Amino acid sequence: MDMGGKDKFELENRNENPMNYVPSMSDWRFGSANLANRSTGLAPMGNLMAVSKGDLIGSSPCSSTSMVDSFGQILWDHNSNSENLGFYDIAVQNNASISERIGKAKASPASLRSIDTSFDMGWNPTSSMLKGGIFLPNAAAMLPQSLSQFPADSAFIERAARFSCFNGGNFSGMMSPYGIPESTGLYSRGGGLMQGTQEAFVGNGLKSVSGGQSQKNEQSGGDASKDVPLSIEHGDTEGSLVKDERKSESLLRSHDEAKQGIGQSGNDSDEAEFSGAGDQDEPSVLEGTGGEPFAKRLDSKKRKRSGPDTKLDLANGAPQQYGESAKDDAEIQQKGDQNPTSTTSKSSGKHGKQGSQPSDPPKEEYIHVRARRGQATNSHSLAERVRREKISERMKFLQDLVPGCNKVTGKAVMLDEIINYVQSLQRQVEFLSMKLATVNPRLDFNIEGLLGKNILQTRAGSAQGFSPDMSVACPLLLPSQQRLIQAGLPGMGSSSDLLRRTNDTQLSPMAGAFKDPTQLPNVWEDELHNVVQMSYGTSTPLNSQDADGSLPHSHMKVEP
Amino acid sequence: MATKGVTLNTNARKIRFARRFISILLKMRKTRSPCSSSSIEDVRKRSQRIKIAAYSSMAHAVGPRRAWSRAVLFKLRSRARHQSMMKRRSFGLQKKRVVVVKNNNDIIPSGQLSQADRLRQLVPGGKAMDMCSLLEETADYISCLATQVKVMQTIADHFSK
């Protein structure tokens, strides 16, 4: 059974034939019914679960029953953590919803039709599974098949290519990945224990196939768009969490797929919440409509649900964007009321990421629009996110460059400021060039000296600018004083004493007011000359340096 | 980015720019007619040349490492080539050829240009850049413009004294 299913998976993966859905459905049904199959599925599922939980599972997806034990343990851990007894039910519901969604979000109408039929076929077993709680193993069974099909490929592009193959491919694959991405997304978002468990469950199994599913999901109108932002958020977080831990290719793949299956994860998360809260309602609703309409309603419900459930602003966006029908809205609102209470009760501190979610909504809204417009593959949305982060990083750097932009927040205002600043700088250059054009003829300086001064001036900032402004020779005195102090030459005693005395006498009046500004520089200049001569005669190079340094200063200051 | 590295880089750039710019100014002063023609037209021409000199020396100081400096250098070279061709062709004729660059961005979006487009117009070579690299080039361009302004300011102050 499993082997047959696996073969079929391979065929489906390669052929992109929507007709493959049907056989896959049968496989799925069989697999769900077969515990043995489940064991193999569970093993990979267990791996995925472990991964999602953060544990690194090195076992291959097609591991033996030994994996089943680990998987079972993981499941139990999930169960214990989530305190969710109805985990299997939820998982089943998730899968059901996933299948619906898969049917809904199709790359091709043919696949849709096949999915619908397959869904109908598969729904019965799903409902039966609900009671037995065997769905998890079923999904696991499905997952291993899909997982085995996919060669280890961590490259996004390759995965995306594979995803495109999935569209025509496995129905089961569609089912599981659809659920998984959501679940993984939910998990990363920390939305409720149930969500997490469901995500882990679904994500593990579906990750491998999530790529194809995600594509299908995305195609399903608003659902995809809403889910995409959610899943994007989830996928990113999950990817970061899990990437480090995963070593096996399948794990990586599933992880990436989970990330890519943004739409799916979003949907799955919604579904998880929905199913978790409205277990009783769902089956009836699901069974009543069936096929696309059901999926649609479910999707819309999920969308609405995700808003209140996840306590994100998505709820605001979702109704705006995906108000499919009044009936659906009404249903959703009803369920939404139920869900938040149920999910909140179930959600635990484990999914602490929920707290970060409220801050994400604005970003998610933005992402939402982009994903909707592009309807791109998962790699695209992820690349978009990376690009956006790059841009924000550069904007922050620009904020430091442009003066007076610390308080400015927002890209648009910041860009305005940058543009204004660049324009002002260019105008300044133009003005200065005009000034130089008029002033130039008076130039008679030595280039090197000019350069040296220029460099000194530029290095000192506007220090040069300060001195001309100061009518008093205070700064002039300081360097001379410094020179005197540094020199400490006894030979300069007389002159230095004189200078000091003059300085003191000059300083005291200067401290109070500038009595004789003209005299001071002259006196200083005379003293300076004396000191310089003395220093040149007996001083150390330091003095000469000071003299040189101060001389141009004095020149600069005294001349004008 | 280490601030120390940035300041060292800017200082080196500053020195290179100052050297080049002052040498050009000296050249201009030498080639300038001894009679101080302070007609507005002459002043305008000189200022235009000085501005071009400033941008070219800044671009040379930065080097071909940056997209905007490469764009500036390319523009200068093409302009020089064009001028030499003009001189060769029309020996006697001194036609003023105005190269009109039609900015399609202005026409297509009704009225207001987007901020990104405005920034692209300001930063040399920005038209062929995506937003990410555009912001990076803008940052470098702003820092270079700031140093340019500082050096020119000090030179102007020097000359005005």
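This is a predicted model, so every value here is computed, not measured. Here is the naming used below: chain letters follow the sequence lines, and residue numbers restart at 1 for every chain.
For the pair B:Ser47 and A:Ala437, the tightest heavy-atom approach, listed with the atom from each and the gap, is N-CB, 3.6 Å. Residues A:Leu398 and B:Ile142 share a closest heavy-atom pair of CD2-CD1, 3.9 Å.
With values rounded to the nearest 0.5 angstrom, B:His158 atom NE2 is found 12.0 Å from A:Leu436 atom CG. Atoms CG and CD1, on A:Leu432 and B:Ile155 in that order, are 9.5 Å from each other to the nearest 0.5 Å. Annotation: the span from B:Ser143 atom OG to A:Leu401 atom CG amounts to 6.0 Å, rounded to 0.5 Å. Between the CD atom of A:Glu389 and the SG atom of B:Cys132 there is a distance of 11.0 Å, given to the nearest 0.5 Å.
Looking at A:Ile391, the atoms closer than 4.5 Å to chain B (heavy atoms on both sides) sit in the backbone and in the side chain alike. Looking at B:Ser133, the atoms closer than 4.5 Å to chain A (heavy atoms on both sides) all sit in the backbone: N, CA, C or O. Heavy atoms closer than 4.5 Å to chain A are found in the side chain of B:Phe21, but not in its backbone.
Counting only heavy atoms from C-beta outward, the side chains of A:Lys435 and B:Asp157 approach each other to under 4.5 Å. Side-chain contact check for B:Met131 versus A:Leu415: some heavy-atom pair is nearer than 4.5 Å. Using a 4.5 Å heavy-atom cutoff, the side chains of A:Ser433 and B:Met152 are in contact. The shortest side-chain heavy-atom distance between A:Phe397 and B:Thr138 does not fall under the 4.5 Å cut-off.
Under the side chain to side chain donor-acceptor pair (under 3.5 Å) criterion, B:Ser78 pairs with no residue at all, not counting sequence neighbours.
Residue pairs meeting the side-chain hydrogen bond (donor to acceptor under 3.5 Å, both in side chains) criterion with at least one member in residues 412-426 of chain A, sequence neighbours excluded, are A:Asp416-B:Gln115, A:Gln426-B:Tyr141. For residues 392-407 of chain A, every residue pair satisfying the salt bridge (charged side-chain N to carboxylate O under 4.0 Å, His left out) rule, not counting sequence neighbours, is listed here: A:Arg394-B:Glu136.
Within residues 51-69 of chain B, the residues approaching chain A closer than 4.5 Å by heavy atoms are, in numerical order, B:Lys51, B:Tyr55.
Most heavy-atom pairs under 4.5 Å with chain A, from the set B:Ala146, B:Ala139, B:Ala116: that is B:Ala139.
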